[in-house]
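The shown structure was predicted, so the numbers you read here are calculated from the model rather than taken from an experiment.
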Amino acid sequence: MAREYVIRRAAPQGPRIDFAAELNPQQLEAVTAPPGPCLVLAGAGSGKTRVLTYRVAYLLENGVSASQILLLTFTNKASREMLERVAALGAQDLSELWGGTFHSVGNRILRRFPREAGYEEGFTVMDREDAEEFVQAALLEGAKARKAADLPLKASLAADILSYSVNVCKSVTDAIRERFPQVEEYAELLERVAVGYHQRKRQANALDFDDLLLRTADLLEKCPEIAQGYQKQFQFVLVDEYQDTNPLQSRLIDLLSAHHRNLMVVGDDAQAIYSWRGADHRNILSFEKRYPGARVYKVETNYRSTPEILKVANATLDQLEKVYRKELIAARKSGELPKVIPVMSGGQQARFIVSRMLELSDEGVEWNQMAVLYRAHFHSMEVQMEMTRAGIPFQITSGLRFFEQAHIKDVGAFLKFVVNPRDEVAFKRMVKLLPGIGGRSADALWNDLAPVAREIQSARERSGADGVGIPSLADALSKMKVPAKAMSAWKQLGHTLEELLPSGRPVAPLQMLQSVRDAVYDDYARSKFPDYDNRREDLNTLAQFASQYTSAEEFLDQMALMGATDQEGHGAGGDGDAVTLSSVHQAKGLEWKAVFVVWLTEGMFPSLRSMGSEEALEEERRLFYVAVTRAEDDLYLSWPLIRRNAGAADAMQRISPFLQGIAPELLEEWQISGGMNF
């Protein structure tokens with residue numbers, strides 16, 4: 001039997017790093033771990049990047065060649081930052097070290113062995129836009145449709161579904177049942193689309209981003225000699241944010257580290273919050289079973305938050321069931337207790353936040369050291385509006401500003417057209433939402449309608465309040481020629497316009513929005529957007545806003561003014577000094593001196609969808625833990641007692657179970673007065 005001999009280079013000469021002096025005891029133990037599989041559980045704010053950086057430097061100082069180290073990260077920024085830190089420690093040339101994202105490493109391997117992977121040399125890596133074009137072509141073929149307007153699904157949604165199925169290593173049908181149940185009726189179609197999409201990529205000698213992982217894993221399994229080459233080369237494999245890996249990434253990690261089994265994965269199971277995009281919490285929880293004899297290291301000293309904030313974080317950890325037990329230990333001195341703030345409504349919540357931010361600013365806290373965190377984007381609308389009114393600069397990392405979002409503009413187009421039938425842009429945006437109508441059809445329809453629209457507008461100006469003598473928009477539409485596939489939807493549009501203009505005059509904006517959503521837009525959104533539930537909540541929030549107005553014109557004016565203020569960058573903090581508004585998912589890895597966590601009620605945070613599933617509720621609790629641990633000095637946890645429901649009775653809210661699970665002595669309750677209007 002052949003014996004393997006590993007060539008070691010001499011340890012670098014010159015000044016050596018004093019690891020014991022530069023690391024705390026827990027960090028030092030992980031960094032200097034002996035060979036073999038290791039799981040490093042690095043709690044929030046405990047110096048995870050520091051552990052990985054010094055681990056690489058430690059390996060290099062102990063004679064491991066840079067070419068024998070593989071460092072896998074989720075972002076190029078993370079990889080670049082770590083390697084820059086290693087270089088700053090005085091380590092030798094790192095040019096041969098394999099460091100980068102999973103996708104970049106996959107691309108590098110496939111470039112070396114394209115033919116073995118089933119591709120020609122010089123293959124193309126498609127970006128998202130290119131991939132969606134191929135998906136749309138496969139959709140057109142699979143649905144036997146002539147143009148995109150005839151498709152039952154948007155190409156971007158289909159692309160999301162195909163990508164998810166690849167990353168979770170499941171069939172398209174199973175992926176739909178698990179993550180996209182609103183389009184389950186199209187599962188058979190999407191199975192055909194997946195086949196057609198793959199064939200088109202092969203014909204074009206092109207790969208999408210998911211292929212960079214999938215085809216690399218397939219290559220290593222199909223060609224043992226290639227796999228063995230990389231497995232022997234990579235004596236040490238290090239993985240960042242291991243709790244965020246999906247099944248496909250886990251498969252690739254296992255393949256690359258199979259020979260030496262010197263695999264160190266670093267992460268925090270308590271911050272596993274991305275199951276919706278395929279991350280599998282079980283990867284980190286099952287690590288010891290999959291790697292018998294693995295050592296587990298805990299890094300628990302937190303350098304970010306005050307002890308008072310960490311007590312709330314630890315109380316949240318105590319409520320988690322499927323988690324490694326650990327306790328964050330504060331390195332900082334004592335501060336103030338986190339605040340819990342019951343408020344009457346979302347409007348009062350927004351006014352409190354603005355009031356407190358102004359006080360913090362007066363105390364010397366910069367705007368960019370404050371953040372508002374929320375479970376879903378629609379939770380931020382009232383805060384956005386109140387901050388705009390107060391002139392506080394803010395930036396949104398969770399998506400577009402509320403009134404800039406496509407679905408808000410879509411339903412707004414119906415109202416704009418009803419109020420002003422001569423609004424060509426609103427008309428075209430509205431009709432292009434219907435099946436079978438694309439850009440050319442919309443142009444032709446507008447050319448037919450424009451003379452009638454002018455006549456209707458003139459009649460409105462001449463008529464009285466009762467609307468007598470105003471031609472019917474619905475009648476005008478019924479006489480127009482539309483593509484056959486659009487006929488049914490076109491008739492429904494006519495009925496909807498009748499509801500919006502029962503006497504030739506627009507009804508109240510709330511009633512208009514409800515009619516548009518229920519009769520037309522809900523079905524459209526269900527088949528077009530992967531985040532359908534969130535967009536539906538956005539429209540509910542818009543309806544609450546609309547309930548303040550009796551005039552459609554006034555409501556549209558306010559929408560336009562709010563949007564214009566956003567675009568002009570009202571107090572936009574061009575120098576970077578702006579408050580951050582972010583979903584908790586987007587805030588992971590970031591920190592601020594003062595953090596406001598909003599809408600901590602049942603059904604909001606945790607989300608309504610999670611309430612029926614223990615596993616989903618557990619992830620929501622981890623999400624709350626992430627929110628709490630973003631705060632350095634001040635933490636404000638607010639929950640409205642009432643949620644306004646447009647067109648229905650206001651709903652009483654229950655406090656989030658996440659707050660109920662925290663001992664009262666760990667929080668200071670503030671009773672709020674004033675700011676009761678919307």
- Run the numbers on Val56 and Met82 for side chain to side chain contact (heavy atoms under 4.5 Å, CB included), then give the verdict. CA-CA 9 Å; Val56 173; Met82 289 182 201; over 6 Å; no
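- Glu619 and Ser275 form a side-chain donor-acceptor contact under 3.5 Å, judged by distance and modelled atom types alone.
- Of all heavy-atom pairs spanning Leu320 and Glu618, the tightest one is C-OE2, 3.4 Å.
- Closest non-hydrogen pair, Leu600 versus Val597, comes out as CD1-O, 3.8 Å.
- Taking the charged nitrogens against the carboxylate oxygens, Glu363 and Arg356 do have a contact shorter than 4.0 Å, which makes a salt bridge.
- A salt bridge between Arg375 and Glu620 is present, with a side-chain N of the basic residue lying under 4.0 Å from a carboxylate O of the acidic one.
- With hydrogens and angles left out, the side-chain atoms of Ser380 and Gln384 include a donor and acceptor closer than 3.5 Å.
- Taking every heavy atom of both residues into account, Leu256 and Val237 meet most closely at O-CG2, 4.3 Å.
- Between atom CD of residue Glu178 and atom CH2 of residue Trp276 there is a gap of 14.5 Å, rounded to the nearest 0.5 Å.
- Taking every heavy atom of both residues into account, His281 and Asp269 meet most closely at NE2-O, 3.3 Å.
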Can you check side chain to side chain contact (heavy atoms under 4.5 Å, CB included) on Thr73 and Leu71, steps first, answer last? CA-CA 7 Å; Thr73 63; Leu71 173 61; 4.2 Å; yes
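- A cation-pi contact, defined as under 6.0 Å to the ring centre and within 45° of the axis, is absent between Arg55 and Phe19.
- At a cut-off of 3.5 Å, with distance as the only test, no side-chain donor of Gln586 or Thr397 sits close to an acceptor on the other residue.
- Counted by atom type alone, Gln271 and Arg622 present zero donor-acceptor pairs between their side chains at under 3.5 Å.
- Among Val628, Val595, Val312, the single residue meeting the side chain to side chain contact (heavy atoms under 4.5 Å, CB included) criterion with Pro338 is Val312.
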Discussion item. Is there a side chain to side chain contact (heavy atoms under 4.5 Å, CB included) between Tyr242 and Phe287? Walk through the geometry before answering.
Written reply: CA-CA 10 Å; Tyr242 188 67; Phe287 186 81; 3.9 Å; yes
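- Looking only at atom types and distance, the side chain of Tyr119 has no donor-acceptor partner in the side chain of Asp211 under 3.5 Å away.
- The side-chain heavy atoms of Ile69 and Phe234, taken from C-beta on, include no pair separated by under 4.5 Å.
- Checked by atom type, the side-chain pair Gln233/Gln231 shows no donor-acceptor distance below 3.5 Å.
- For the residue pair Asn167/Asn246, the side-chain donor-acceptor check at 3.5 Å is satisfied.
- Asn368 CG to Lys593 NZ: the interatomic distance, rounded to the nearest 0.5 Å, is 10.0 Å.
- The aromatic rings of Phe596 and Tyr636 lie parallel to each other, with less than 30° between the two planes, well short of the 60° mark.
- Between Arg621 and Thr316, the shortest heavy-atom distance links the atoms O-CG2, 3.7 Å.
- In summary, the side chains of Ser334 and Glu308 do present a donor paired with an acceptor at a separation below 3.5 Å, with no hydrogens or angles considered.
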Next item on the list: Take Phe102 and Phe74 through the test ring-ring contact (aromatic ring centres under 6.0 Å, His included) and record every step on the way to the result.
Entry: CA-CA 7 Å; Phe102 289 87; Phe74 275 84; 5.3 Å; yes
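- The heavy-atom pair separating Gln235 from Lys232 by the smallest distance is CG-O, 4.1 Å.
- Between the side chains of Arg290 and Ser286, a donor-acceptor pair is found at a separation under 3.5 Å.
- Taking 4.0 Å as the cut-off between side-chain N and carboxylate O, Glu81 and Arg85 count as a salt-bridged pair.
- Using a cut-off of 4.0 Å between Lys/Arg side-chain N and Asp/Glu carboxylate O, Asp160 and Arg128 are scored as salt-bridged.
- Within the model, atoms SG of Cys169 and CG of Leu214 stand 7.5 Å from one another, a figure rounded to the nearest 0.5 Å.
- With no hydrogens or angles considered, no side-chain donor-acceptor pair links Tyr297 and Gln26 at under 3.5 Å.
- In this structure, the side chain of Glu133 does not engage the main chain of Glu129 through any donor-acceptor pair within 3.5 Å.
- The OH atom of Tyr230 lies 7.5 Å from the CD1 atom of Ile226; values are rounded to the nearest 0.5 Å.
- Side-chain contact check for Ser67 and Ser65: at least one donor-acceptor pair (N or O, by modelled atom type) lies under 3.5 Å.
- Salt bridge absent: Glu288 and Arg295 never bring a charged side-chain N and a carboxylate O closer than 4.0 Å.
- Looking only at atom types and distance, the side chain of Ser163 has a donor-acceptor partner in the side chain of Asp210 under 3.5 Å away.
- Separating the CD1 atom in Ile309 from the CZ atom in Arg630 is a distance of 11.5 Å, to the nearest 0.5 Å.
- Residues Asp280 and Tyr274 have side chains that never bring a donor and an acceptor to within less than 3.5 angstrom of each other.
- No side-chain donor-acceptor contact under 3.5 Å links Ser361 to the backbone of Met357.
- A distance of 7.0 Å separates CG of Leu207 from NZ of Lys201, quoted to the nearest 0.5 Å.
- A tilted orientation is assigned to the rings of Tyr374 and His377, their planes being inclined by 30° to 60°.
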*Stepwise ring-ring contact (aromatic ring centres under 6.0 Å, His included) check, Phe378 with Trp599*: CA-CA 11 Å; Phe378 73 90; Trp599 280 107; 8.1 Å; no
